[in-house]
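Reviewing the structure listed below.
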Amino acid sequence: MARREIDDKTVINRGRYSVVKIVMLTFAGCVFVSLGLALVIMDVRDMAQAIRIGKSMIGGIVLFLVLTLMLLGFGGTALYFAWRDVYHWIMTHITKKKGEIGYAHIIDSRSISQGNRTGMNINRYYGFELSYEKDGEQKTAKTDTVFDINEYRYIKSLPQVKIKIYKNYVAIDEEFRYEIYKLDSRYGLPKRYFVEKPFSTVLNIWRIVSILSIVLFFVLFALTIALKVNTFVFVGFALLTVSNLVCGIVYAIYFYSGR
């Protein structure tokens with residue numbers, strides 16, 4: 001729907017799960033797992049060679065073990081979150097299409113955040129624990145944490161929530177209209193901090209810098225494995241950290257000066 005066709009009463013069908021996020025997490029998970037497995041093969045080969053010549057490799061083994069566990073841990077975590085989203089995406093679609101209508105009361109809520117819970121609501125999304133009745137029996141269910149701060153406030157204001165029930169899966173089936181979206185869906189801040197200059201300009205530069213620094217980190221990491229020179233990976237990590245830290249500081253300066 002074009003923006004010009006939207007008024008305050010227009011129902012917003014916001015995508016709960018991002019295809020881009022799922023693809024990126026799957027790709028990152030596969031890359032990290034592959035690198036971890038490559039290190040395992042390299043480590044086993046080096047240990048076998050050291051045993052043949054009677055050389056001690058305790059320090060090297062420990063380093064490779066730590067790096068391997070980190071890579072496999074990051075990769076496994078990324079794959080888990082990607083395919084958990086796929087599961088909920090499919091089940092929510094089926095439930096809203098085939099499920100029976102019901103009504104529930106909110107008995108609790110929770111949130112997830114990639115930022116500081118005591119500060120800005122960076123990447124914060126909400127889920128609910130619901131109490132509903134089915135076949136004369138009182139039951140409870142938890143939704144996935146996919147509702148933004150505007151939807152969270154709206155749902156919390158309702159005396160009861162419309163739901164769809166499919167087997168043991170429950171999905172909230174309320175309509176969200178454009179008028180409730182007062183805050184930025186991702187960060188929970190007034191929208192002007194993301195669509196007005198200079199905030200939007202700094203954010204776009206930050207995104208470009210982040211992508212380039214991540215690509216450069218993987219290139220230098222690959223060189224570290226190929227050439228067995230640890231300096232490359234440390235330089236890549238330093239550039240990744242410093243470049244994003246600088247962009248963050250610049251945005252923070254504009255943000256606090258504009259409040």
Side-chain angles (χ1 to χ4, degrees), residues 14-44 62-93 110-117 119-127 144-148 184-188 194 202-249 251:
R14 183 177 68 85
R16 301 292 165 199
Y17 301 97
S18 169
V19 175
V20 174
K21 175 187 172 184
I22 292 171
V23 171
M24 289 182 64
L25 283 175
T26 301
F27 175 76
C30 291
V31 169
F32 278 116
V33 169
S34 298
L35 290 174
L37 294 176
L39 281 180
V40 169
I41 296 172
M42 182 185 300
D43 197 16
V44 170
V62 171
L63 176 60
F64 272 105
L65 181 61
V66 171
L67 286 175
T68 300
L69 291 175
M70 288 178 60
L71 290 170
L72 292 177
F74 289 146
T77 301
L79 290 174
Y80 166 76
F81 282 110
W83 290 98
R84 187 195 66 170
D85 281 1
V86 172
Y87 167 76
H88 284 293
W89 188 359
I90 293 173
M91 288 304 299
T92 299
H93 176 75
R110 65 193 188 283
S111 65
I112 57 172
S113 177
Q114 298 173 6
N116 187 345
R117 291 179 180 275
M120 293 188 298
N121 297 332
I122 299 176
N123 292 333
R124 183 171 291 184
Y125 295 97
Y126 299 83
D144 198 11
T145 47
V146 291
F147 299 95
D148 80 350
D184 177 79
S185 298
R186 186 174 184 182
Y187 298 97
F194 304 92
V202 176
L203 277 177
N204 287 333
I205 293 174
W206 193 352
R207 292 188 184 102
I208 294 171
V209 170
S210 295
I211 293 172
L212 292 177
S213 61
I214 291 172
V215 171
L216 182 59
F217 171 78
F218 280 117
V219 170
L220 293 174
F221 189 89
L223 288 175
T224 295
I225 295 177
L227 303 177
K228 296 184 180 180
V229 179
N230 293 334
T231 303
F232 289 115
V233 71
F234 289 123
V235 170
F237 182 76
L239 290 174
L240 178 66
T241 304
V242 172
S243 60
N244 283 278
L245 179 62
V246 170
C247 290
I249 292 174
Y251 182 80

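Bear in mind that the values here come from a model prediction, so they are computed numbers and not experimental data.
With rounding to the nearest 0.5 angstrom, the CG atom of Asp85 is 4.5 Å from the NZ atom of Lys21. Atom CG in Leu25 sits 10.5 Å away from atom OG1 in Thr77 (nearest 0.5 Å). Note: Asn244 CG to Leu239 CG = 10.5 Å, rounded to the nearest 0.5 Å. Between Phe232 atom CZ and Ile225 atom CD1 the span is 13.0 Å, to the nearest 0.5 Å. Remark: Leu71 CG to Leu35 CG distance equals 6.0 Å, nearest 0.5 Å. Note: Phe221 CZ to Leu240 CG = 13.0 Å, rounded to the nearest 0.5 Å.
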- Message: Between Leu79 and Cys30, is the side chain to side chain contact (heavy atoms under 4.5 Å, CB included) condition met? List the steps.
- Response: CA-CA 8 Å; Leu79 290 174; Cys30 291; 4.2 Å; yes
- Just do the side chain to side chain contact (heavy atoms under 4.5 Å, CB included) check on Phe27 and Met24 with the steps written out, would you? CA-CA 5 Å; Phe27 175 76; Met24 289 182 64; 5.7 Å; no
- Query: Are Trp89 and Val146 close enough, and set up right, to give a side chain to side chain contact (heavy atoms under 4.5 Å, CB included), and what steps lead you there?
  - Reply: CA-CA 11 Å; Trp89 188 359; Val146 291; over 6 Å; no
- Message: side chain to side chain contact (heavy atoms under 4.5 Å, CB included) for Leu220 and Phe237? Distances and angles first, verdict last.
- Response: CA-CA 9 Å; Leu220 293 174; Phe237 182 76; over 6 Å; no
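The minimum heavy-atom distance linking Thr68 with Gly36 is given by the pair CG2-O, 3.6 Å. When all heavy atoms are compared, the tightest approach of Thr26 to Ala82 is OG1-CB, 3.5 Å. Across all their heavy atoms, Ser243 and Ser213 have their closest contact at OG-CB, 3.6 Å. A pairwise comparison of heavy atoms in Trp206 and Gly248 identifies CH2-CA, 3.4 Å as the closest pair.
Taking 4.5 Å as the limit, every side-chain heavy atom of Thr231 sits out of range of all side-chain heavy atoms of Phe234. Between Tyr87 and Asp144 the shortest side-chain heavy-atom distance does not fall below 4.5 Å. Residues Tyr126 and Asp148 are not in side-chain contact: their nearest non-hydrogen atoms beyond the backbone lie 4.5 Å or more apart.
Panel note: side chain Thr145, backbone Ile112; no donor-acceptor pair is recorded below 3.5 Å.
Atom OH of Tyr17 has more than 12 heavy atoms from other residues, nucleotides or ligands within 6.0 Å.
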